[in-house]
Amino acid sequence: MSASIGTGTLESTHLLGLRHTSAADIQLILDTAEGMQEILSRQIKKAPTLRGRSVVTLFYEPSTRTRTSFEMAAKILSADTTSIAAGSSSIVKGETLMDTVLTLRSMTMDALIIRHSQTGAPALAAQFAGCPVINAGDGFNEHPTQGLLDLLTIRQRFGRVQGLTVTIVGDIQHSRVARSNLWALRRLGAVVRLAGPPTLIPPEMECDGVTLHYQVDEALEGADVVMALRIQKERQESGLFPSLREYHRLYGISAERMLLASPRAIVLHPGPMNRGVEIDPDVADGPQSAITDQVTNGVAVRMALLYLILGGKSSDALAA
Amino acid sequence: MTDREPFSSNMPNDGAPALVEGERQAVMDSADMRRALTRIAHEIVERNRGVANLCLVGILRKGVPLAHRLSRLVSQIENTPVPAGGLDVSLYRDDYATRQPRLHRSEIPFDVSGKRLVLVDEVLYTGRTVRAAMDALMDLGRPASIQLAVLVDRGHRELPLRADYVGKNLPTSRNEWVDVRLQEIEGEDRVFIVKPPPGEER
């Protein structure tokens, strides 16, 4: 009898990863992000919703797009943002993560966005922060907002995620982007193929709905979404693959290889790109590329998250 | 929940015993709603001396189907298309810290600048939603004017606002609420006053 539109509140206080995030929460974030896209298309991109809230970004690793994207999202919703980069803060004097977070807490921050090279650092921070914590990437573990923006991009192009075949190509082993995508894609019912050199794919990742491929061509066959991951040059130095040139020849996403995928397939890349290594420039800039949509959607997804995580309890359809 | 028979009188609470908890009372049926909207459509045309520069903006969620119905009616009267859109006001509400409505996408298929806008909602109560809607519209541009049309005005205003077009004035108590059911959403056109059972008050 109530004219409820469905709950508008997340089940979890923090966003530490997508592995344990419910399908309902993921859908709520994506639905909310679609509402935020409208604001991004306006001439004056500003809404007063988070007026007086302070959002802190604490980055122990370098980042351009993730941090900028979070800051733009917060600013568009009128929150105040403070950004702390490890290199120019007391962290270089040896302050522990816990003490840094407690200091920020004492300054009454309302949300903490953290990136760290250690898996689990955001979860640790969440114990001391006294406010919602969002993981902006931790070690090889998760990068949940990247997973969400990829999902939004996919859903926008296909109208659904369920039943699609998504091929992720590259350094799966060291990729938090791949992990966050994997959990969320499985939760929403996509089929996932992981492709790359055997040295860069952990065999234990094979499970129900997830297949491993050492030949990229077979992984691309009929795929709806092709996601190329950044290949880090350090991995070559540690001997995990012989050379960038060979990597490109065997695993690089070229226009020719894309012919194996579904004719409607889209190409994603989390950035920053190594053009001519994991992805060819004519694919990155071609008609199947959704890479610029990913960046725009990243702002919308982060606006949605901040809106959902900082808001009050849901109570829908109160009479006007 | 028990249904009470609709009153034949235009004054639903006139002489009627107060609703008991868990009871609802029908106050408008589909014919009443059609007549009210038709009258509002004529009033809009009369007040604005035609439909030049006129656009309708429904407040999500129930104002949107009503705005589209009014758009059809007004277009028929003047034989000129009058555009309608939908506005989500969640980001502009003053109670974000205590409750969280689900955000939906605004769909305004016209530039609001210079337009004579008619905001449309199903129920006018405290006026806070309308305040939020006006702020949201101002962020989209500079309309020439904003008017307000509501299907039901239930009183209890908390802000200095009034509606320009009212389908029905409905005296209510604060612990009741008004349930507007629409063909486009619930599959029927009816309006009820509801007295929620204990524990379900809002």
**OP:** For A:Arg179, check side chain to side chain donor-acceptor pair (under 3.5 Å) against everything at least two apart and list the hits.
**Re:** none

Working to the nearest 0.5 Å, report the span between [atom1] of [X] and [atom2] of [Y].
| X | Y | atom1 | atom2 | result |
| --- | --- | --- | --- | --- |
| A:Asp31 | B:His104 | CG | NE2 | 8.0 Å |
| A:Ile39 | B:Leu140 | CD1 | CG | 8.5 Å |
| B:Ser106 | A:Arg42 | OG | CZ | 6.0 Å |
| B:Leu91 | A:Met36 | CG | CE | 4.5 Å |

**OP:** Could you tell me which portion of B:Ile185 (side chain, backbone, both or neither) has an atom closer than 4.5 angstrom to a non-hydrogen atom of chain A?
**Re:** neither

**OP:** Check each atom of B:Asp88 against the heavy atoms of chain A and say whether the ones under 4.5 Å are side chain, backbone, both or neither.
**Re:** neither

Original post:
With a cut-off of 6.0 Å (strictly less than), are more than 12 heavy atoms of other residues, nucleotides or ligands near CD of A:Gln43?
Top reply: no

Original post:
CD of B:Glu188: more than 12 outside heavy atoms within 6.0 angstrom?
Top reply: yes

Subject >> Any residue meeting side chain to side chain contact (heavy atoms under 4.5 Å, CB included) with B:Val118, in chain and number order, not counting sequence neighbours >> reply: B:Ile44, B:Leu54, B:Leu56, B:Val120, B:Gln147, B:Ala149, B:Tyr165

Original post:
Is there a side-chain contact between B:Leu103 and A:Thr32, using heavy atoms and a 4.5 Å cut-off?
Top reply: yes

Original post:
Do B:Met138 and A:Ile44 come within less than 4.5 Å of each other through their side chains, counting heavy atoms only?
Top reply: no

Original post:
So what's closer than 4.5 Å to chain B heavy atoms on A:Arg51: side chain, backbone, both or neither?
Top reply: neither

**OP:** Please report the closest heavy-atom contact between B:Tyr96 and A:Leu50, naming both atoms and the distance.
**Re:** OH-CD2, 3.3 Å

